[in-house]
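Note that the structure is a prediction, hence the values are computed from the model and not measured.
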Amino acid sequence: MYGRKGYQLLKDFASGEKGQLKPFNSKLFDETIEECDQNHHLLQSLIRKMQQEDLDVPNNRNADHYGALIHHLSLMRNKRCLMAYVYNRAEIVRDLAWRVGLELLDLPSEIQEKLTSLEKEYFKNHSVALKSYMGKVGIELNVDMVPPKDPYIKVRILDDIDEGIVLSDKTTNFARHSMHFLKRTDAEPYIARGQMEELTD
């Protein structure tokens with residue numbers, strides 16, 4: 001009551017590693033909504049009580065007025081907490097499209113498991129909008145987020161990658177733990193998915 005559930009919801013979100021998603025806390029989310037409903041019903045009942053007593057609701061300053069004010073402020077606090085929770089998760093989902101890839105299947109399974117069906121739909125819609133814009137301007141905006149010093153990088157293969165992948169104009173077979181000298185734009189999607197690592201001198 002009095003905004004505690006919303007506070008717990010945001011505390012749960014903040015307890016995760018920055019920029020990383022935790023599973024959607026549907027239990028606390030639903031409890032916060034339930035608390036909002038309780039505040040709303042109590043607020044309405046206090047207003048009705050004052051109206052039945054023929055009191056001037058906006059200017060009345062008795063216990064019922066302050067009780068209604070507390071329920072109103074608690075309701076608004078919980079609503080802000082709910083919006084902050086959803087907004088901050090949405091920011092991370094948007095960021096995944098830039099860092100990992102524009103296809104939902106590009107996301108590691110452990111990340112996909114933490115997304116709700118609505119967040120997956122949001123990711124798809126955001127990716128479609130990005131692809132559409134990049135197609136119009138003719139620029140791949142989600143590569144080279146930091147300007148590279150060299151267009152080629154040395155990488156080590158960390159995880160099994162399907163054979164016969166075409167990179168730019170050549171076909172390459174990647175054996176686990178093998179090292180390659182690749183174009184940065186070719187390697188970045190695999191680095192983002194944790195299948196390759198960049199080797200620096």
Side-chain angles (χ1 to χ4, degrees), residues 9-10 12-14 16-26 29 79-201:
L9 185 67
L10 288 186
D12 175 71
F13 176 83
E17 192 177 335
K18 189 175 181 181
Q20 301 295 318
L21 277 178
K22 293 179 70 175
F24 191 90
N25 195 331
S26 55
F29 195 85
K79 283 173 72 175
R80 283 197 299 269
C81 290
L82 287 166
M83 288 188 287
Y85 184 76
V86 171
Y87 176 79
N88 281 287
R89 285 184 65 88
E91 270 199 324
I92 295 173
V93 171
R94 282 197 307 270
D95 191 47
L96 288 171
W98 290 97
R99 289 189 294 114
V100 180
L102 296 175
E103 298 295 333
L104 189 61
L105 294 175
D106 288 342
L107 299 178
S109 57
E110 61 267 21
I111 292 178
Q112 290 190 46
E113 290 166 4
K114 295 174 184 175
L115 298 174
T116 65
S117 57
L118 286 174
E119 287 171 335
K120 288 177 181 176
E121 190 64 29
Y122 178 73
F123 178 87
K124 287 177 187 174
N125 292 338
H126 182 67
S127 297
V128 167
L130 277 176
K131 285 179 191 172
S132 173
Y133 180 75
M134 289 190 291
K136 287 176 183 175
V137 298
I139 299 173
E140 289 280 333
L141 295 173
N142 62 333
V143 294
D144 291 337
M145 299 304 283
V146 177
K149 294 178 182 177
D150 193 320
Y152 288 88
I153 58 173
K154 191 175 183 181
V155 296
R156 177 186 293 125
I157 310 304
L158 299 175
D159 201 359
D160 294 328
I161 300 176
D162 295 334
E163 291 185 2
I165 292 176
V166 178
L167 298 177
S168 295
D169 57 350
K170 62 180 180 179
T171 303
T172 309
N173 289 325
F174 296 119
R176 196 171 186 174
H177 302 302
S178 62
M179 289 185 278
H180 302 271
F181 200 59
L182 302 174
K183 284 178 76 172
R184 181 179 293 275
T185 51
D186 288 336
E188 277 190 339
Y190 297 99
I191 293 172
R193 291 196 290 266
Q195 294 174 304
M196 293 182 183
E197 69 174 346
E198 182 179 356
L199 299 175
T200 54
D201 296 330

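No side-chain heavy atom of Y152 sits under 4.5 Å from any side-chain heavy atom of H180. F29 is listed as a side-chain neighbour of V86, based on a closest heavy-atom distance under 4.5 Å. Residues L182 and M196 meet the side-chain proximity criterion, which asks for heavy atoms closer than 4.5 Å. In this structure the side chain of C81 reaches within 4.5 angstrom of the side chain of L10, judged on heavy atoms. Counting heavy atoms from C-beta outward, V155 and E197 have side chains that stay 4.5 Å or more apart.
Sparse packing is recorded around NZ of K79, with 12 or fewer heavy atoms of other residues, nucleotides or ligands lying under 6.0 Å away. The number of heavy-atom neighbours closer than 6.0 Å to CE of M179, taken from other residues, nucleotides and ligands shown, is 12 or below.
L130 CG to W98 CH2: the interatomic distance, rounded to the nearest 0.5 Å, is 5.0 Å. Note: E110 CD to Q112 CD = 9.5 Å, rounded to the nearest 0.5 Å.
Taking both residues in full, the closest heavy atoms of L21 and I92 are given as CG-CG2, 3.6 Å, listed atom of the first, atom of the second, then distance. When every heavy atom of H126 is checked against every heavy atom of A97, the shortest pair comes out as CD2-CB, 3.9 Å.
A distance-only check finds a donor-acceptor pair linking the side chain of S178 to the backbone of A175 [under 3.5 Å]. In this structure, Q20 contributes its side chain and E17 its backbone to no donor-acceptor pair below 3.5 Å.
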R89 and Y122: side chain to side chain contact (heavy atoms under 4.5 Å, CB included), yes or no, with the steps?
CA-CA 11 Å; R89 285 184 65 88; Y122 178 73; over 6 Å; no
Evaluate side chain to side chain contact (heavy atoms under 4.5 Å, CB included) for F123 paired with R94, printing each intermediate quantity in order.
CA-CA 7 Å; F123 178 87; R94 282 197 307 270; over 6 Å; no
Please evaluate residues L158 and Q195 with respect to the criterion side chain to side chain contact (heavy atoms under 4.5 Å, CB included), reporting the C-alpha separation (whole Å), side-chain torsions for both, the decisive distance (0.1 Å), and the verdict.
CA-CA 5 Å; L158 299 175; Q195 294 174 304; 5.9 Å; no
E198 vs I191, test: side chain to side chain contact (heavy atoms under 4.5 Å, CB included). Steps then yes/no.
CA-CA 7 Å; E198 182 179 356; I191 293 172; 4.3 Å; yes
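Between V93 and the options L115, I111, N88, a side-chain contact (heavy atoms from CB on, under 4.5 Å) holds for only L115.
Taking the six-membered ring for Trp and thresholds of 30 and 60 degrees, Y85 and F24 have ring planes more than 60 degrees apart, a perpendicular arrangement.
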